[in-house]
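Both ligands and their constituent atoms are indexed starting at 1 by order of listing.
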Amino acid sequence: MRIAVPNKGRLHEPTIDLLERAGLHLDNGAERKLYAGTVDPDVTVLFARAADIPEYVRDGAAEVGITGLDQVRESGHRLAELLDLEYGKCRLVLAAPEDGDIESVEDVSGKIVATEFPHIAQSYFERQGIDAEVVEVTGATELTPHVEMADAIIDITSTGTTLRVNRLAVVDEVLSSSVRLFARPEVVDDPKVAQLVMALESVRSAEDKRYLMMNAPREKLDEVKEVIPGLGGPTVMDVAGGDTVAVHAVVNERDVFEVVSDLKNVGASGILVTEIERLVK
Ligand SMILES: Nc1ncnc2c1ncn2[C@@H]1O[C@H](COP(=O)(O)OP(=O)(O)OP(=O)(O)O)[C@@H](O)[C@H]1O
Ligand SMILES: O=P(O)(O)OC[C@H]1O[C@H](OP(=O)(O)OP(=O)(O)O)[C@H](O)[C@@H]1O
Ligand SMILES: [Mg+2]
């Protein structure tokens, strides 16, 4: 199985990091090269531009790909979405000069809109019944309304800084995007693909969980169990030759702050909180 992943840009590192945490260690790290082997002899990683990844998958150069939903939509290819990996979160928006006369999508009729996403833009205007002229650019889209190349743009925003700096205001949201794992429809039932989905999912599932370990007096066990809002009951182990038990549990990271002091109050001691690398449900 070949996995196409971004070779540079803001999605490169988090994607490599995710594969590593899933246990698919790349050989020779992830230097700028075309492909890398992994600990699994049947899994190879291909490096490609984020925008080209849907094409690689459609053409069969890779079975699965990891890139932004915006790129998959722009490609127009019908690919199966397997997982929302929830990073690279951004919005594709219609934006226009703050002090101009474009305040709604209707105001764009008869106007020029510059974008790196011409297909998404075309179908957005068709859906809205708006007759706008879409002009494709390959970067610095935010500049175009200020040099009379365009009246408005459709571009990516996340913090909003770039729009603000260029005195542009959001008129409408076109697409909400994040990084997805997707595949050619023919390979979705492949066992290797299922193995990858499970591995990536297990990393995501573990991220907001923590593993708690503690000792507790045996007679306090019921109170300890009540305090732990675990995923199922905690694991309880005898500590040799005493009235103490060891208790292990998985809890939501958001609950740790409160749970630890509650545990202490009901008599637990030696409480350890650790991160979990992967959690297979
Ligand atoms: N500001 C942002 N916040 C969050 N995600 C973003 C942001 N900008 C882009 N992305 C996501 O990352 C993807 C790749 O963008 P990036 O800027 O890394 O590459 P690029 O500019 O297309 O790369 P290249 O340099 O190869 O042209 C986008 O398609 C989008 O899904
Ligand atoms: O809302 P913001 O947080 O300001 O992010 C939006 C900017 O991020 C992306 O550019 P990027 O930084 O990837 O630079 P690039 O043009 O080199 O791709 C995108 O093209 C916007 O310009
Ligand atoms: Mg970019």
Note to self: So, regarding Glu116 and ligand 2 (criterion: nitrogen or oxygen to nitrogen or oxygen, under 3.5 Å), is there a contact or not?
What the structure shows: no
Margin query: Out of all atoms in ligand 1, which are within 4.0 Å of some heavy atom of Gly9? Include the element for each.
Written below: 18 (O)
Next item on the list: Can you sort out which atoms of ligand 2 are near Thr161, meaning under 4.0 Å from one of its heavy atoms?
Entry: 1 (O), 4 (O)
Item checked: Leu200 CG to Leu83 CG distance, which is reported to the nearest 0.5 Å -> 6.0 Å
Check: Considering only heavy atoms of Thr159, which atoms of ligand 2 have at least one such atom less than 4.0 Å away?
Finding: 1 (O), 2 (P), 3 (O), 4 (O)
Next item on the list: List every atom of ligand 1 that sits less than 4.0 Å from any heavy atom of Lys8, numbering the atoms from 1 in the order shown and giving each element.
Entry: 24 (P), 25 (O), 26 (O)
Margin query: Within ligand 1, which atoms have a heavy atom of Gly68 less than 4.0 Å away?
Written below: 31 (O)
Note to self: I need the atoms of ligand 1 closer than 4.0 Å to a non-hydrogen atom of Lys89, numbered in the order shown.
What the structure shows: 3 (N), 4 (C), 5 (N)
Item checked: Hphob cluster co-occupancy, Leu92 + Val113, side-chain heavy atoms under 4.5 angstrom -> yes
Note to self: When you group the ILVMFWY residues by side-chain heavy-atom contacts below 4.5 Å and let the links chain together, are Met214 and Val266 in the same group?
What the structure shows: yes
Side-chain donor-acceptor contacts of residues 93-110 below 3.5 Å, not counting sequence neighbours, with atom names and distances?
residue: Ser104; atom: OG; partner: Glu106; partner atom: N; Å: 3.4
residue: Ser104; atom: OG; partner: Glu106; partner atom: OE1; Å: 3.0
residue: Asp107; atom: OD2; partner: Glu103; partner atom: N; Å: 2.8
residue: Asp107; atom: OD2; partner: Ser104; partner atom: N; Å: 3.0

Checklist line | Numbered atoms and elements of ligand 1 in range of Leu11, under 4.0 angstrom, heavy atoms | finding: 12 (O), 13 (C), 14 (C)
Notebook entry, point to check: Which distance, rounded to the nearest 0.5 Å, do you find between the CD of Glu116 and the CD1 of Ile153?
Noted result: 9.5 Å
Note to self: Could you measure the distance from the CZ atom of Phe182 to the CZ atom of Arg78? Nearest 0.5 Å is fine.
What the structure shows: 15.5 Å
Next item on the list: May I ask you to identify, for Arg49, whether its side chain, its backbone, both or neither come under 4.0 Å of ligand 1 on a heavy-atom basis?
Entry: side chain
Under 3.5 Å donor-acceptor pairs involving side-chain atoms of residues 126-151, not counting sequence neighbours:
residue: Thr144; atom: OG1; partner: Thr141; partner atom: O; Å: 2.7
residue: His146; atom: NE2; partner: Asn166; partner atom: O; Å: 2.6
residue: Asp151; atom: OD2; partner: Ile112; partner atom: N; Å: 2.8

Note to self: When you compare ligand 2 with Gly160, is there at least one nitrogen or oxygen pair between them that comes in under 3.5 angstrom?
What the structure shows: yes
Next item on the list: Using a 4.0 Å heavy-atom threshold (strictly under), name the region of Glu116 that reaches ligand 1: side chain, backbone, both or neither.
Entry: neither
Check: What is the distance from atom CG of Leu46 to atom CD1 of Ile3, rounded to the nearest 0.5 Å?
Finding: 9.0 Å
Notebook entry, point to check: With only distance considered, is Arg10 within less than 3.5 Å of ligand 1 through an N or O on each side?
Noted result: yes
Margin query: For a quick test of reading the model, state the closest non-hydrogen atom pair linking Asp27 to Thr38 and the distance between them.
Written below: OD2-N, 4.3 Å
Next item on the list: Below 4.0 angstrom from a heavy atom of Gln71, which ligand 1 atoms are there? Numbered from 1 as shown, please.
Entry: 28 (C), 29 (O)
Item checked: Gly88 near ligand 1 by a heavy-atom separation under 4.0 Å -> yes
Check: When you check the side-chain N and O atoms of Arg164 and Thr162, is any donor under 3.5 Å from an acceptor?
Finding: no
Next item on the list: Could you tell me which atoms of ligand 2, counted from 1 in the order shown, lie closer than 4.0 angstrom to a heavy atom of Glu142?
Entry: 21 (C), 22 (O)
Next item on the list: Working to the nearest 0.5 Å, report the span between OG1 of Thr67 and CD of Glu74.
Entry: 12.0 Å
Notebook entry, point to check: For atom 4 (O) of ligand 2, which candidate among Thr162, Val93, Asp155 provides the closest heavy atom?
Noted result: Thr162
Next item on the list: May I ask whether Gly139 places a heavy atom under 4.0 Å from ligand 2?
Entry: no
